[in-house]
Amino acid sequence: MTRLWYLIGLLLVVSGLVHLGVFVVDGGPWDGPVSWRKPFTFGVSFGLSVLSLTWVSQFVRLRGRDVLLGVFAVASVVEVALITVQAWRGVPSHFNMSTDVDSLIARTLAAGGFALIAVAVFMTLSAFRRDPTVPTSRSPEPTPARPPSMRLAVQAGFGTFLAAMAFGGIMIARGVVEVITGSQQLAYTVAGSLKPAHAILMHGVLLLPALAWLLSRTQPSEQTRLRVVRLAIWIYITVSAIVSGLALFGITIVSPSTASVLCAGAISGLAIGALTLGTLLPRTQRHRPPDAAARPHGLTGSQAHP
């Protein structure tokens, strides 16, 4: 099933990029509830999230892995599909209660969002559950597959991902309240103000494990890897807190939509760069003992150093 989830993720990313092309050709507004920006950003973001969770879940002792990934993938497809349909219809996708069809789509999007949050909560709890197959940071011989540095990166990544889902839930709830009270236009403004906070936290679940994965191929010392991962986590949390604080207080340099694209693009771009670099590294340089080159070929350690 893993290949299926990867395929779905890739198709969602492709769908988003196609609609970026539609925006370039057709034009139209970048901001606002009706824009080609929405199928572009949602397609790429949800696609990356499906790909990220599929990859990162292998580092978590997870019950019902395929079921959880399946729910997340299906909900992501439904979200992107409905947002795309509304963009082609030229009407808002979220908080739109103008007709029975629009109302059904808006409610389905809200329900799908909370389904995504439920999966994020379960996977985050699983990441923090004690796993006897994964050593602690005090273990002298961590396993190559899931060393403490990777476990820490995965836990922090899922923590930030859950925070992003929480901001998404707040956006939905605030928008629904405004719609119920009769101010649909204000719903887009209130909910949209939190986009940067949601976006910058969304792809930490890929960035931090990708960094740990790269370090496992370039740095033989697990203690050094732990220190670098901890530093990266604190930097990421600090930057995310600043961006989230500015969003909560309505302080903007660019529009929330542009800020969210810049934040998500920067985080996911760094993650993809780390994965690409780790993949391109020569295999002979991975985990090579520091004194391997000094030993004559065919001699053991005791023979090489009498």
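Numbers here are sequence positions counted from 1. These numbers were taken from a predicted model, which means no experiment stands behind them.
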Among the clusters formed by ILVMFWY side chains lying less than 4.5 Å apart, do [X] and [Y] turn up in the same one?
| X | Y | answer |
| --- | --- | --- |
| Val60 | Phe128 | no |
| Ile237 | Ile242 | no |
| Val91 | Val22 | no |
| Leu10 | Leu206 | yes |
| Leu69 | Leu125 | yes |

Give a yes or no answer on whether the side chain of [X] reaches the backbone of [Y] with a donor-acceptor pair at less than 3.5 Å.
| X | Y | result |
| --- | --- | --- |
| Ser35 | Lys38 | no |
| Ser76 | Phe72 | yes |
| Thr252 | Ser255 | no |
| Asn96 | Pro92 | yes |
| Tyr236 | Gly204 | yes |
| Ser15 | Leu11 | no |
| His198 | Ala164 | yes |

Gap between atom [atom2] of [Y] and atom [atom1] of [X] - 0.5 Å precision:
| X | Y | atom1 | atom2 | answer |
| --- | --- | --- | --- | --- |
| Thr160 | Ile233 | OG1 | CD1 | 9.0 Å |
| Gln155 | Met150 | CD | CE | 12.0 Å |
| Met202 | Lys195 | CE | NZ | 14.0 Å |
| Thr54 | Arg3 | OG1 | CZ | 13.5 Å |
| Leu51 | Phe46 | CG | CZ | 13.5 Å |
| Ile272 | Ile267 | CD1 | CD1 | 11.5 Å |

I need the minimum non-hydrogen distance between [X] and [Y], along with the two atoms involved.
| X | Y | answer |
| --- | --- | --- |
| Ser257 | Ser260 | O-OG, 2.7 Å |
| Arg217 | Gly278 | CD-O, 4.0 Å |
| Arg151 | Ala127 | NH1-O, 3.7 Å |
| Met97 | Ser103 | SD-OG, 3.3 Å |
| Met165 | Ile117 | O-CD1, 3.4 Å |
| Leu62 | Ser57 | CD2-CB, 4.2 Å |

ask   = Does the gap between the ring centers of His94 and Phe42 come in under 6.0 Å?
value = yes
query = Do Phe23 and Trp30 make the cut of ring centroids closer than 6.0 angstrom?
reply = yes
query = Within a radius of less than 6.0 Å around CG of Asp100, do more than 12 heavy atoms belonging to other residues, nucleotides or ligands occur?
reply = no
ask   = Taking everything shown except Ile253 itself, do over 12 heavy atoms lie less than 6.0 Å from its CD1?
value = no
Do [X] and [Y] have side chains that get closer than 4.5 Å, going by heavy atoms?
| X | Y | result |
| --- | --- | --- |
| Asp102 | Arg89 | yes |
| Leu201 | Ser244 | yes |
| Asp66 | Trp5 | yes |
| Thr258 | Arg37 | no |
| Gln86 | Ile105 | yes |
| Leu109 | Ser93 | yes |
| Arg129 | Arg63 | yes |
| Val154 | Leu208 | no |

Verdict with supporting geometry, Leu162 and Val121, side-chain contact (heavy atoms from CB on, under 4.5 Å) = CA-CA 6 Å; Leu162 185 58; Val121 169; 3.4 Å; yes
ask   = Which class fits the ring pair Trp88 and His19: parallel under 30°, tilted 30 to 60°, perpendicular over 60°?
value = perpendicular
request  = Just say parallel, tilted or perpendicular for the rings of Trp55 and Trp213, cut-offs at 30° and 60°.
outcome  = perpendicular
request  = Evaluate side-chain contact (heavy atoms from CB on, under 4.5 Å) for Arg65 paired with Thr2, printing each intermediate quantity in order.
outcome  = CA-CA 10 Å; Arg65 176 178 181 271; Thr2 299; 3.2 Å; yes
key: Short side-chain donor-acceptor distance under 3.5 Å, Ser221 and Arg225   = no
Polar contact flag, side-chain donor to acceptor under 3.5 angstrom, Arg230-Ser149 = no
message = Apply side-chain contact (heavy atoms from CB on, under 4.5 Å) to residues Phe158 and Met123 and explain how you reach the verdict.
response = CA-CA 7 Å; Phe158 271 113; Met123 296 186 81; 3.6 Å; yes
key: Leu53/Phe161 under side-chain contact (heavy atoms from CB on, under 4.5 Å): CA gap, chis, key distance, verdict   = CA-CA 10 Å; Leu53 292 192; Phe161 186 71; 4.1 Å; yes
